[in-house]
Amino acid sequence: LQRAASSYYGSRDPGPSPTDAAAECERLLALDRDASAWAVLGLTGHDRGAARQRYYVLARLLHPDKCSQRGAADAFKRVADAFRRIDGSSSF
């Protein structure tokens with residue numbers, strides 16, 4: 001999975017690819033409400049391209065229609081809100 005992710009992302013590395021929905025839900029729900037959008041996405045750099053890629057990975061992992069983990073819907077909303085703040089768009 002990591003090799004496929006690295007070839008897909010090319011030169012921009014959005015960080016490790018999360019594969020454990022339970023761990024991601026726990027991480028996201030443990031963050032303060034005023035955590036930066038970059039922290040919500042799990043990124044340290046301010047690269048909008050990496051943020052977009054990371055958003056898509058997290059959205060697929062945590063979408064309530066795909067993930068039955070407790071708290072997945074809230075985690076998904078936090079990820080979507082963080083990406084909106086970074087991207088600056090009201091819809092995507």
Side-chain angles (χ1 to χ4, degrees):
L1 178 65
Q2 189 64 28
R3 189 174 345 139
S6 65
S7 66
Y8 173 77
Y9 294 129
S11 62
R12 284 185 273 174
D13 181 19
S17 179
T19 56
D20 185 5
E24 279 300 311
C25 282
E26 187 176 324
R27 180 186 73 81
L28 288 163
L29 297 176
L31 288 173
D32 290 334
R33 283 282 179 210
D34 59 345
S36 77
W38 300 100
V40 171
L41 293 179
L43 297 172
T44 55
H46 292 175
D47 179 0
R48 291 177 118 187
R52 179 176 295 277
Q53 291 168 345
R54 182 69 170 191
Y55 165 73
Y56 286 129
V57 169
L58 289 172
R60 279 194 314 266
L61 182 68
L62 299 172
H63 194 280
D65 290 344
K66 300 273 185 183
C67 182
S68 61
Q69 289 295 321
R70 190 171 180 205
D74 289 333
F76 177 79
K77 288 175 188 174
R78 291 192 84 177
V79 167
D81 180 57
F83 182 68
R84 274 192 202 100
R85 287 186 282 155
I86 289 171
D87 193 45
S89 64
S90 59
S91 65
F92 46 93

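Being a predicted model, the structure only gives us computed values, none of them experimental.
Listed here is the closest heavy atom pair of Y55 and A80: CE1-CA, 3.8 Å. The nearest pair of heavy atoms linking I86 to A51 is CG2-CB, 4.0 Å. Closest approach of L43 and R54 over heavy atoms only: CD1-CB, 4.2 Å.
Cluster annotation: Y56 is connected to L61 through the hydrophobic network of ILVMFWY side chains, with a link wherever side-chain heavy atoms come within less than 4.5 Å.
Not one N or O on the side chain of R52 forms a donor-acceptor pair closer than 3.5 Å with the backbone of D47. The backbone N or O of V40 lies less than 3.5 Å from no partner atom in the side chain of R78, so there is not a single donor-acceptor pair.
With sequence neighbours left out, the side-chain contact (heavy atoms from CB on, under 4.5 Å) criterion links C67 to A21, Q69, A72. Partners of A23 under the side-chain contact (heavy atoms from CB on, under 4.5 Å) rule, at least two apart in sequence or in another chain, are D20.
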Between L62 and L28, does the side chain to side chain contact (heavy atoms under 4.5 Å, CB included) criterion hold? Intermediate values first, please. CA-CA 11 Å; L62 299 172; L28 288 163; 3.4 Å; yes

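Taken to the nearest 0.5 Å, the CZ atom of R84 stands 11.0 Å off from the NZ atom of K77.
Salt bridge R85/D81: present, at least one basic N to carboxylate O contact under 4.0 Å.
Screening residues 22-41 for side chain to side chain donor-acceptor pair (under 3.5 Å) gives E24-R27 as the qualifying pairs, with residues at least two apart or on separate chains.
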